[in-house]
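Below you'll find the structure, written out as structure tokens, and then a few comments.
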2 protein chains.
Amino acid sequence: MPAIEREITRFQDFLSRQGQKLTQERTSLVREIFSTHYHFEADELLFKMKQKSVKISRATVYRTLELLVKSGLVRRVHLGEEHYHYEHVRGDSHHDHLVCTACGSVIEFNDPELEQRQLDICARKKFTPTFHNLQILGVCDSCHRKGEQPASPDRVMTIGEGAMKLRK
Amino acid sequence: MPAIEREITRFQDFLSRQGQKLTQERTSLVREIFSTHYHFEADELLFKMKQKSVKISRATVYRTLELLVKSGLVRRVHLGEEHYHYEHVRGDSHHDHLVCTACGSVIEFNDPELEQRQLDICARKKFTPTFHNLQILGVCDSCHRKGEQPASPDRVMTIGEGAMKLRK
DNA sequence: ATGATGTTGAGACTGAGTCTCAGGTGCGGA
DNA sequence: TCCGCACCTGAGACTCAGTCTCAACATCAT
């Protein structure tokens, strides 16, 4: 899959610019992230690697994610839960998220007018924005049709449900 | 200060509607929250109570915050850090936040046009929103004038800096 | 006074993430 | 080719925010 190779090259460029190396571990993490996951949690990634019998420690997963975020290949997002989620960036533009509190699905959207409005607000407040984070929680169409009730804002279903956590 | 008494009454009403009681501990927490804090962290509140020699356990602080959130007197917000912050709601309308990554200050704003635009997006995606959360990170005017550099998005200064954490 | 129900504090526990450190890896230069 | 050094890794201890448990306490209606 040439697309993934391109991401790996981009990561390597980023690393070598700061005297860091593209190791076996980092390569397999990038490969995993860009091949199967979209929105994922750090521990979920760790678990997947374990499943595939690729031995990578928790520390390396976190360290690599930090590098990927710095390199711009991966974005760190809040989706209404305590901890972070990550998503890969494939050169596509910025977007925000609608998160279904019933089934955990995530819908992305990008609305230039909304973005512009935010810039206007910042200008009005003499604030220099670097970054923003918007999640809208609610119920998606298919859950709504099933009559799902919205969960209360502080009780949101886990996104990466599938990933049974196993430590050690 | 009569305003605080009004909030306490509102909380009591909420509690008694579900057969719960307004205890001494709960009262003093509400008093503390509504008198001095605006955006605060749970542990910061615990620390303040300790400073004032009001003995309240960690568990009670968290339990009371949960009740306050449910009652609508307090809102739980993400301000770009791992953990939650809380803010009291004084009958004022919904707002979002500009968070300065240099000095940690928080500017609130409420922009009906922005809110409306979000509703439009949800309608377009057939999504039923219940709640949303927008933080814009960046540098505030006074920090900008001091030539402060924006921190990277994943390294944000603590909002409640003052509160030295001391456990136990 | 009794019992039912609700509340509390202490401290054990959890889950996500960070840090440390000894050992491993790999590349540039002699 | 070999060496040295900077970089990288895994294991596990640690931290921090938040939750849970449980025994003791408070309150209220009967």
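Chain letters run A, B, ... following the sequence lines, proteins first and then strands; every chain starts at 1. These values consider heavy atoms only, across backbone and side chains, with no hydrogens, waters or symmetry-generated copies.
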Output the rounded distance in Å from [atom1] ([X]) to [atom2] ([N]).
X       : N      : atom1 : atom2 : value
B:Leu46 : D:dA17 : CG    : P     : 11 Å
B:Tyr84 : C:dG15 : OH    : P     : 17 Å
B:Glu44 : D:dA17 : CD    : P     : 11 Å
A:His83 : C:dA16 : NE2   : P     : 6 Å
B:Gln12 : D:dT27 : CD    : C1'   : 14 Å
B:His85 : D:dC16 : NE2   : C1'   : 14 Å

* If a protein heavy atom is under 4.0 Å from the base, mark B; if only from the sugar-phosphate, S; if neither, -; do that for nucleotides 2-10 of chain C going 5' to 3'. => ----SSBBB
* Asked: Would you say D:dT19 has OP1 or OP2 under 4.0 Å from some side-chain N or O of B:Tyr62?
  ->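 For D:dT19, neither OP1 nor OP2 has a side-chain N or O of B:Tyr62 closer than 4.0 Å.
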* Determine the interplanar angle of the B:His39 and B:His95 rings, folded into 0 to 90°, and report it as parallel if under 30°, tilted if 30 to 60°, perpendicular if over 60°. =>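 B:His39 and B:His95: perpendicular rings.
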* To do: Look at the rings of A:Phe34 and A:His88 and say which category their plane angle falls in: under 30° parallel, 30 to 60° tilted, over 60° perpendicular.
  =>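 The rings of A:Phe34 and A:His88 lie parallel, inter-plane angle below 30°.
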* SB check A:Lys48 A:Glu44 (cutoff 4.0 Å) ->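 Looking at A:Glu44 together with A:Lys48, the answer is no, because their closest N to O distance does not fall below 4.0 Å.
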* **Residues B:Glu25, B:Lys55: salt bridge by 4.0 Å N-O rule** =>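 Looking at B:Lys55 together with B:Glu25, the answer is no, because their closest N to O distance does not fall below 4.0 Å.
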* With sequence neighbours excluded, tell me which residues meet side chain to side chain donor-acceptor pair (under 3.5 Å) with B:Gln12. =>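 Result, side chain to side chain donor-acceptor pair (under 3.5 Å) vs B:Gln12: none returned.
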* To do: Could I get the full list of side chain to side chain donor-acceptor pair (under 3.5 Å) partners for A:Glu113, not counting sequence neighbours?
  =>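 Residues passing side chain to side chain donor-acceptor pair (under 3.5 Å) with A:Glu113: B:Arg117.
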